[in-house]
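This is a predicted model, so every value here is computed, not measured. Counting starts at 1 for both ligands and their atoms, following the listed order. For this chain, numbers begin at 1 and follow the sequence in order.
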Amino acid sequence: MTKSNTPILSAVDLHLNFQTETGTTPVLRGVSFDLYSGESLGIVGESGSGKTVTCLSLLKLLPSPPADYRRGEVHFHGLDLQRAGEAELRKVRGGEIAFIFQEAMSALNPVLTIGDQVQESLLIHTGMSKPEAKAEVVRLFEQVGIPDAGQRYAQYPHQLSGGLQQRVMIAMALACRPEVVIADEPTTALDVTIQVQIVELLKELQQDRGMSLIFISHDLGVIAEICQRVLVMYAGQIVESGPAADIFDHPQHPYTQQLIRTIPRLDSPRGSFEPIAGQIPSPENLPGGCAFHPRCAMVMDICRKETPRLLRQSPLCEVRCWLHDPSHKEKDLTGKS
Ligand code: SF4
């Protein structure tokens with residue numbers, strides 16, 4: 001399914017601070033993006049770049065305090081989710097916007113059967129009777145590829161393999177026919193063969209149901225499999241965005257270029273890849289100027305002093321880097337940098 005021109009969800013200048021005893025820590029620093037109806041949007045970056053926090057913040061799922069949501073807006077069906085009350089948010093969470101988390105085993109309740117857990121979400125969010133909900137759960141299990149769905153209904157999470165547990169999580173997320181599904185590293189805990197199956201399943205379901213998908217991963221290779229558009233995050237900011245094909249074939253930001261080099265290549269020795277040198281900075285200790293400058297091979301004087309803006313490079317692509325900002329040359333000429 002191709003995306004429509006109307007965003008279904010818009011994050012505008014989302015800032016998130018953690019208020020701690022030692023002070024204010026900026027975790028998100030002005031994140032803005034649109035999610036269109038029926039599209040699959042990837043959010044990629046190393047661990048600690050702000051991907052998961054961005055998605056949890058959309059629905060205010062981080063406890064406040066320490067999370068401070070004061071700045072930014074999230075528009076969804078005429079609501080600003082950052083200003084919405086708990087009752088409105090509860091209706092959206094799990095009903096209209098659903099999550100699939102990384103660790104299925106820790107997200108599932110060990111003392112309830114898998115059937116009852118999925119049924120519970122149907123009973124909360126829809127007007128179904130118990131027999132209707134049970135029949136729907138079996139149908140959902142079949143749809144997500146759980147064999148012997150009728151018998152599996154009465155099993156407990158520990159009786160299932162990691163791949164089947166993740167399929168149960170997907171069934172639970174889909175139960176209320178959400179318009180948006182947010183999948184946070186849903187394949188990371190699984191072995192490679194099962195990872196491929198789960199990515200294929202999500203891709204099929206997203207296309208068949210026409211839902212919008214946000215797929216979070218540190219792995220650009222996985223994002224390439226499933227996403228039409230990509231946001232690259234670093235240190236709580238979007239540093240590049242664009243259609244997946246542009247990001248992979250012509251990455252503009254030095255960080256994206258390095259992330260692409262971390263994808264294992266089929267023609268290189270088994271399992272070899274080039275890791276990015278250095279560490280992502282902690283939010284308490286962000287470098288001045290461009291947060292990537294200590295790790296960037298292209299660093300210039302201005303990068304250490306001034307924060308680059310996210311600038312549109314073409315109708316669909318944006319980059320936050322002084323190399324792609326014409327104003328840095330003017331600054332050089334006027335001696336401001
Ligand atoms: Fe590298 Fe400078 Fe661009 Fe940052 S702004 S990515 S340091 S070239």
- [ ] Tell me which protein heavy atom sits closest to atom 1 (Fe) of ligand 1, plus the residue, atom name and distance to 0.1 Å.
- [x] Cys296 SG, 2.3 Å
Task: Ser212 versus Gly38, closest heavy-atom pair with distance - done: OG-N, 3.0 Å
- [ ] May I ask you to identify the nearest protein heavy atom to atom 2 (Fe) of ligand 1, giving residue, atom name and distance to one decimal place in Å?
- [x] Cys303 SG, 2.2 Å
TODO: Determine, step by step, whether Thr24 and Asn17 satisfy the side chain to side chain donor-acceptor pair (under 3.5 Å) criterion, reporting the C-alpha distance in whole Å, the side-chain angles of both residues, the deciding distance to 0.1 Å, and the verdict.
DONE: CA-CA 6 Å; Thr24 300; Asn17 292 335; 5.4 Å; no
Task: Any donor-acceptor N or O pair under 3.5 Å, side chains Asn109, Gln117 - done: no
- [ ] Quick one: look up the protein heavy atom nearest atom 4 (Fe) of ligand 1 and list residue, atom name and how far away it is.
- [x] Cys290 SG, 2.4 Å
TODO: Would you mind listing which atoms of ligand 1 come within a distance below 4.0 Å of any non-hydrogen atom of His293?
DONE: 7 (S)
Task: Parallel, tilted or perpendicular: rings of Tyr255 and His253 (30°, 60°) - done: perpendicular
TODO: Distance to 0.1 Å, residue and atom name: give those for the protein heavy atom nearest to atom 6 (S) of ligand 1.
DONE: His253 CE1, 3.5 Å
Task: atom 3 (Fe) of ligand 1 to nearest N/O/S of Cys321 below 2.8 Å - done: yes
Task: Derivation and outcome, side chain to side chain contact (heavy atoms under 4.5 Å, CB included), residues Thr22 and Glu284 - done: CA-CA 10 Å; Thr22 50; Glu284 296 92 3; 5.9 Å; no
TODO: Take the angle between the ring planes of Phe141 and Tyr153 and call it parallel below 30°, perpendicular above 60°, tilted in between.
DONE: tilted
Task: atom 5 (S) of ligand 1: nearest protein contact (heavy atom, Å) - done: Trp322 N, 3.2 Å
TODO: Under 4.0 Å from a heavy atom of Leu323: give me the atoms of ligand 1 that qualify, with their elements.
DONE: 8 (S)
